[in-house]
Amino acid sequence: MKQIVVLTGAGMSAESGLKTFRDADGLWEGHDVMEVASPEGWYKNKELVLEFYNQRRRQLLQVLPNKAHKLLFELENNYHVDIVTQNVDDLHERAGSKNVLHLHGELLKVKSVSDDNLVYNWKKDLHIGDTCASGNQLRPNIVWYGEAVPMLDQAIEITKTAEILVIIGTSMQVYPAASLVHYIMPATPVYFIDPKPTISKNSFNNLTIISEKASVGVEKLVKLLD
Ligand SMILES: NC(=O)c1ccc[n+]([C@@H]2O[C@H](COP(=O)([O-])OP(=O)(O)OC[C@H]3O[C@@H](n4cnc5c(N)ncnc54)[C@H](O)[C@@H]3O)[C@@H](O)[C@H]2O)c1
């Protein structure tokens, strides 16, 4: 089976009801991203950061995978599909996708502030005083701005294997995630699905831009691949 690598961003989950942040006003659900998604924000106001992710977690538990998530899962009938997502939601997994790598962490996991290896599944609210097995505070298992991206090397290795690359719903503004596309072989077909695509026509030798929201875009992709 041919190997498809899919890079997804916040736009992938927009039709499930989860807001992207660059679409609106540079704010993420009304917050300056540095206040809620950076180590500086955490040291400044831990309660605010925890409450922000508590809200995101509660919201995530109330939404469902959309048609685009489901179509990507169905592609596994005919292709080997690897998904590298910037999203912290679990909607790809809930749609059934088997190979999902989260570049920026996962909302339904928390980790110790003192040991990145102490990671726990977490579906409820997280509070000051919730601690790991060593007694240290837990924090969201999210890669914040300015932090290292532990899954980057693995994501690069996956991207290199692409025989077809699909990019869905990302503004390509967040690095190093946006740099993954540079690891494909030069002739690899690239499909870019986004209602407001931020990619220039000359970025790749073999680029197809599908200016659609994810559900319609992935449906068109499936037909083009047939
Ligand atoms: N669902 C989530 O997990 C979630 C949500 C918001 C932000 N984030 C985090 O914020 C960062 C944002 O970077 P990013 O590039 O992923 O997102 P972004 O907000 O910077 O860009 C979103 C992109 O999605 C496109 N889009 C909007 N509606 C769409 C739709 N229906 N279908 C397809 N595309 C659509 C927009 O045109 C835009 O290009 C990431 O690091 C991510 O971890 C995650």
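All values below were derived from every heavy atom in this structure, side-chain atoms included, with hydrogens, water molecules and symmetry-related copies excluded. Every value quoted in this text rests on a predicted model; they were computed, and no experiment measured them. Both counts, for ligands and for their atoms, begin at 1 and track the order of listing.
Under 4.0 Å from ligand 1, the heavy atoms of His104 that appear belong solely to its side chain. Counting heavy atoms under 4.0 Å from ligand 1, residue Thr170 touches it through both backbone and side chain. By the criterion of a heavy-atom distance under 4.0 Å, both the backbone and the side chain of Ala214 are placed next to ligand 1.
In this structure a side-chain-to-backbone donor-acceptor pair under 3.5 Å is present from Asn99 to Val81.
Near Val88, meaning under 4.0 Å from one of its heavy atoms, ligand 1 places the atoms 2 (C), 3 (O). Near Lys19, with a cut-off below 4.0 Å to any heavy atom, the atoms of ligand 1 are 5 (C), 6 (C). Near Val174, the atoms of ligand 1 lying under 4.0 angstrom from a non-hydrogen atom of the residue are 13 (O). Atom numbering of ligand 1 starts at 1 in the shown order; those under 4.0 Å from a heavy atom of Gly9 are 16 (O).
Side-chain contact annotation: Gln86 with Thr8, donor-acceptor N/O pair under 3.5 Å absent.
Any N or O atom pair closer than 3.5 Å counts here, and Asp89 shares at least one such pair with ligand 1. Taking distance alone, with nitrogen or oxygen atoms compared against 3.5 Å, Pro195 stays at or beyond that limit from ligand 1. Close N/O approach between Asp194 and ligand 1 is found [any backbone or side-chain N/O within under 3.5 Å].
Between Lys220 and Glu212 there is a salt bridge, since at least one side-chain N of the basic residue sits less than 4.0 Å from a carboxylate O of the acidic one.
Distance check, rounded to the nearest 0.5 Å: CG of Asn66 to CG of Leu18 gives 9.0 Å.
Relative orientation of the Trp144 and Tyr53 rings is tilted, given thresholds of 30° and 60° on the angle between their planes.
Within the cation-pi definition used here (under 6.0 Å to the ring centroid, within 45° of the axis), Lys44 does not qualify as a partner of Trp42.
With sequence neighbours left out, Asn141 forms a side chain to side chain contact (heavy atoms under 4.5 Å, CB included) with Lys109, Lys111, Val119.
The cluster map of Ile, Leu, Val, Met, Phe, Trp and Tyr, joined by side-chain heavy atoms under 4.5 Å apart, puts Val84 and Ile199 in the same cluster.
One option in Gly105, Ser171, Ala14 has a heavy atom closer to atom 28 (N) of ligand 1 than any other, and that option is Ala14.
In this structure, Glu15 is part of the shell of residues with a heavy atom less than 4.0 angstrom from ligand 1.
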